[in-house]
Amino acid sequence: MDKEKSLAKIRNIGFIAHIDAGKTTVTERILFYAGRTYKIGEVHEGTAVTDWMHQEKERGITITSAATSCDWKNHQINIIDTPGHIDFTVEVERSLKVLDGAVVIFCGVSGVEPQSETVWRQAEKYDVPRICFVNKMDREGADFFAVVSEMKEKFQIPIVALELPIYDNDEFRGVVDLIEEKAYYYEGKLGEKIKEEEIPEKLKEIVANKKELIIEKIAELDDAFMSKVIEGEKIKKEEIVSAIRKYVIGNKLVAVFCGSALKNKGVQQLLGAVCSYLPSPTEVKPVLAKVVSSDQEKEIKASPGGPFCALCFKIATDPFVGKLFYVRIYSGSIDSASTIYNATQQKKEKINKIVKMHANKQEIIKNAKAGDIVCLAGLKNTMTGDTLTEKKDPVMIENIKFPEPVVSLAIEPKTKADQEKLFGALMKLADEDPSFKVTYNRETGQNVISGMGQLHLAIMVDRLLREFNVKAKVGKPQVAYKETVSKKVQATGKFIQQRGGQGQYGHVEIVMTPSGEGTGISFENKIKSGVIPKEFISSVKEGVVEASESGILGGYPVVDLKVTLIDGSYHEVDSSELSFKIAGEIAFKEGLRKARSILLEPIMDLEIITPVEYLSQVIGDLNSRRAKIHLVKERKNLRTVSVEIPLSESFNYADSLRNLTQGRASYTIEPSYYQKVPEELLSKILGI
């Protein structure tokens with residue numbers, strides 16, 4: 001098989017879903033049926049292959065995306081199992097950036113849950129083709145048609161069910177393939193034997209109707225199909241499969257399958273669907289990159305014979321080999337002795353080793369080519385999001401954008417001996433996870449760690465203690481407040497010192513204007529020639545940016561405003577870069593005072609699913625937490641409550657909800673936006 005042809009048999013896919021929909025359980029079955037493992041691991045027993053971290057085994061959740069691969073019917077399937085918890089959404093984000101297709105997993109009972117919608121939006125952002133698997137069809141209350149209907153309503157994209165569940169006395173037995181018009185039952189202790197039979201008599205009418213719906217849905221997208229339908233021509237199975245594949249890859253259609261991973265039913269059909277309907281590296285849109293020398297865009301086509309181009313999407317620390325750099329190779333090939341070029345950092349890199357990952361186990365390989373997802377060892381300067389390429393004509397793929405952290409903790413070493421160890425360990429964790437930030441608060445003399453939520457930080461602290469053996473004291477969670485201005489102001493900054501001999505002279509006039517949310521700090525120079533020498537302008541900007549790191553309200557960072565330099569003056573002898581930097585800082589702080597800057601707090605989207613009998617207690621508790629209730633929705637004997645809540649009011653919400661509902665309610669929470677802190681709470685937050 002030639003190299004180009006073998007690319008057509010590769011599938012780079014990810015499993016994405018709401019927490020507890022069954023992603024890891026599906027992955028375990030796939031690895032078993034494909035012969036990659038000899039024994040099925042279980043999440044609840046802590047034996048799942050892809051949940052290999054201590055923290056994952058103990059908590060029964062996926063924390064870090066794990067890469068593995070298997071073979072199925074002459075196809076190589078590279079799999080990334082991603083977390084479902086919103087605190088680890090960065091793992092989903094960077095995985096989708098490099099994947100060609102995704103399997104979105106839904107719970108047959110709970111349907112489309114909040115995080116299901118989040119991962120769906122992330123997949124849309126990266127234009128990743130999807131198929132869906134409705135899991136847990138064996139559970140009481142599972143309703144395949146209700147889930148499919150909810151998907152159509154929420155995702156606004158043509159969706160077709162290609163399977164139906166088969167029940168016998170309320171027991172989930174197997175699935176009907178609507179295209180093949182066959183029933184499949186799963187026998188043997190682990191569902192490894194598939195028995196093909198005729199469709200049960202009671203389902204024949206519904207199968208005929210559902211198949212008609214599939215053909216109609218394709219006809220709406222395909223004129224040639226529509227002509228055949230109108231003329232009453234018989235449509236072959238192969239034509240249906242080919243059309244579905246075409247429109248799934250084009251992101252115009254989503255195919256839905258069903259089963260129960262825990263009960264070993266429907267997973268082999270899902271594997272077949274991955275091969276049949278999700279794209280190979282050659283069938284997705286070529287990745288766009290900028291040519292470093294000209295800044296022009298260039299398409300990187302999947303070809304082992306092309307120039308080498310890869311993206312580093314993740315870094316992990318291995319206790320034995322040091323850092324492992326997860327890369328997706330888009331073009332070209334490398335071997336374990338290659339020297340490559342990091343176009344982002346503009347530095348050469350030497351590869352010591354190429355490994356294929358199976359969760360945390362490594363298989364050393366001699367070379368890798370376009371379409372592969374592998375780990376490289378030995379790189380010195382590479383960071384997450386860097387483009388690895390060839391030095392003679394380097395290109396850069398667009399970097400991955402990561403969310404800003406919303407929760408912070410102060411962390412201190414217990415002994416002086418732990419100080420250096422702590423800093424080194426924190427830097428390694430920050431290299432691994434771009435949503436985990438480490439800063440040093442000069443005012444308090446403390447190390448501050450920031451992340452996406454309490455669970456995120458709890459896992460990081462646990463890793464510090466276990467993996468890095470660092471003894472540390474941890475403070476209480478702190479909200480990542482921000483400061484901004486709500487009106488336009490003009491401010492002056494003057495720094496003049498005269499001590500005999502050469503002094504210091506810097507004078508600037510700036511205008512500060514509110515800008516849109518998420519815009520950070522921007523700087524514009526509108527100085528007319530000669531008012532301030534050109535060499536001092538960058539110093540003014542440096543002073544403004546440095547001053548924005550710590551505002552006048554509690555030392556929180558200043559965001560979302562534009563600073564325009566409009567005037568100033570200089571002294572031929574006394575002016576210097578330092579004097580203009582300090583003048584920029586003075587003007588910025590003066591502007592904040594004149595504008596009476598405001599404090600912003602993060603607002604979270606919170607969704608609670610509670611039994612109806614606890615609804616009034618849940619709503620009463622939310623009202624006491626400054627929450628705004630948007631929607632209460634019925635779902636059988638449950639109620640879904642959608643609210644916006646300040647992050648500061650949501651700490652330890654898990655314990656409160658558990659106590660209010662005897663542990664029967666669940667919730668998900670994710671960052672939404674920032675809004676002004678009410679005046680009556682300002683003095684409490686600032687401690688004045």
* Would you give the length of the straight line joining atom CG of L379 to atom CG of L388, rounded to the nearest 0.5 angstrom? => 6.5 Å
* Structure fact -> The single option from T382, V292, I300, I397 that satisfies side chain to side chain contact (heavy atoms under 4.5 Å, CB included) with T387 is I397
* To do: Would you please say whether a donor-acceptor pair under 3.5 Å links the side chains of S642 and H630?
  => no
* Asked: Counting only N and O atoms by type, is there a donor-acceptor contact under 3.5 Å from the side chain of D560 to the main-chain atoms of G520?
  -> yes
* Asked: So do V374 and V355 actually touch side chain to side chain, heavy atoms under 4.5 Å?
  -> no
* With a 4.5 Å heavy-atom cut-off, do K421 and F468 have their side chains touching? -> no
* Do D567 and H507 have side-chain N/O donor and acceptor atoms under 3.5 Å apart? -> no
* Structure fact -> When every non-hydrogen atom of L553 is compared with those of I598, the smallest separation belongs to CD1-C, 3.9 Å
* Asked: Do Y481 and L600 have side-chain heavy atoms sitting under 4.5 Å apart?
  -> no
* Structure fact -> Contacts of E644 meeting salt bridge (charged side-chain N to carboxylate O under 4.0 Å, His left out) (sequence neighbours excluded), chain-then-number -> none
* Asked: Does K350 NZ have over 12 foreign heavy atoms under 6.0 Å away?
  -> yes
* Looking only at heavy atoms, which two atoms of P602 and A480 are closest? And how far apart? -> CD-O, 4.0 Å
* Asked: When rounded to the nearest 0.5 angstrom, what distance separates CD in E590 from CD in Q490?
  -> 11.5 Å
* To do: Show your working on side chain to side chain contact (heavy atoms under 4.5 Å, CB included) between V508 and K494 and close with a plain yes or no.
  => CA-CA 7 Å; V508 298; K494 278 187 178 179; over 6 Å; no
* Asked: Could D386 and K347 be called an ion pair, given the rule that one side-chain N must be under 4.0 Å from one carboxylate O?
  -> no
* Residues Q504 and S576: side-chain donor-acceptor under 3.5 angstrom -> yes
* Structure fact -> salt bridge (charged side-chain N to carboxylate O under 4.0 Å, His left out) filter on E524, not counting sequence neighbours, yields K562
* To do: Check A123 against I16 and note the closest heavy-atom contact, atom names and distance.
  => CB-CD1, 4.2 Å
* Asked: Do you see a donor-acceptor pair shorter than 3.5 Å between the side chains of N381 and N342?
  -> no
* K353 side chain to G378 backbone, donor-acceptor under 3.5 Å -> no
* K473/E412 salt bridge by N-O under 4.0 Å criterion -> no
* Asked: Does a donor on one side chain sit under 3.5 Å from an acceptor on the other, for S486 and R596?
  -> no
* Asked: Does one side chain, of Y326 or T384, offer a donor that lies under 3.5 Å from an acceptor on the other?
  -> no
* Asked: How far apart are the closest heavy atoms of A491 and A587, and which atoms are they?
  -> CB-O, 3.4 Å
* **Expected output: side-chain E577 to main-chain S539 donor-acceptor under 3.5 Å** => no
* Report yes if the side chains of F436 and M460 come closer than 4.5 Å at any heavy-atom pair, otherwise no. => yes
* Under a 4.0 Å N-O cut-off, is there an ion pair linking K581 with E546? -> yes
* **pair I373-F313: side-chain heavy atoms closer than 4.5 Å** => yes
* **Close side-chain approach of E432 to R463, heavy-atom, < 4.5 Å** => yes
* Please report the shortest heavy-atom distance between L311 and G385, naming the atom on each side. => CD1-O, 3.5 Å
* Asked: Checking side chain to side chain contact (heavy atoms under 4.5 Å, CB included) for the pair K482/V558: CA distance, chi angles, key distance, verdict?
  -> CA-CA 6 Å; K482 293 181 180 178; V558 184; over 6 Å; no
* Asked: Quick one: does T484's side chain have a donor or acceptor within less than 3.5 Å of a partner on V559's backbone?
  -> yes
* Asked: Counting only N and O atoms by type, is there a donor-acceptor contact under 3.5 Å from the side chain of R625 to the main-chain atoms of E649?
  -> yes
* Asked: Between K526 and E509, is a salt bridge (Lys or Arg N to Asp or Glu O under 4.0 Å) present by the stated rule, with each step listed?
  -> CA-CA 11 Å; K526 281 196 175 177; E509 296 278 344; over 6 Å; no
* Are F588 and L561 close enough that some pair of their side-chain heavy atoms sits under 4.5 Å apart? -> yes
* To do: Would you give the length of the straight line joining atom SG of C375 to atom CD1 of I351, rounded to the nearest 0.5 angstrom?
  => 12.0 Å
* About how many Å separate CZ of F536 and OH of Y570, when rounded to the nearest 0.5 Å? -> 8.5 Å
* **From L565 atom CG to I537 atom CD1, the distance as rounded to the nearest 0.5 Å** => 5.0 Å
* To do: For residues S575 and F580, determine if any side-chain heavy atom of one lies less than 4.5 Å from a side-chain heavy atom of the other.
  => yes
* Asked: When rounded to the nearest 0.5 angstrom, what is the spacing between CD in Q296 and NZ in K298?
  -> 11.0 Å
* What are the two closest heavy atoms between M512 and G591, and how far apart are they? -> SD-CA, 3.5 Å
* Over 12 non-hydrogen atoms of neighbours within 6.0 angstrom of NZ in K488 -> no
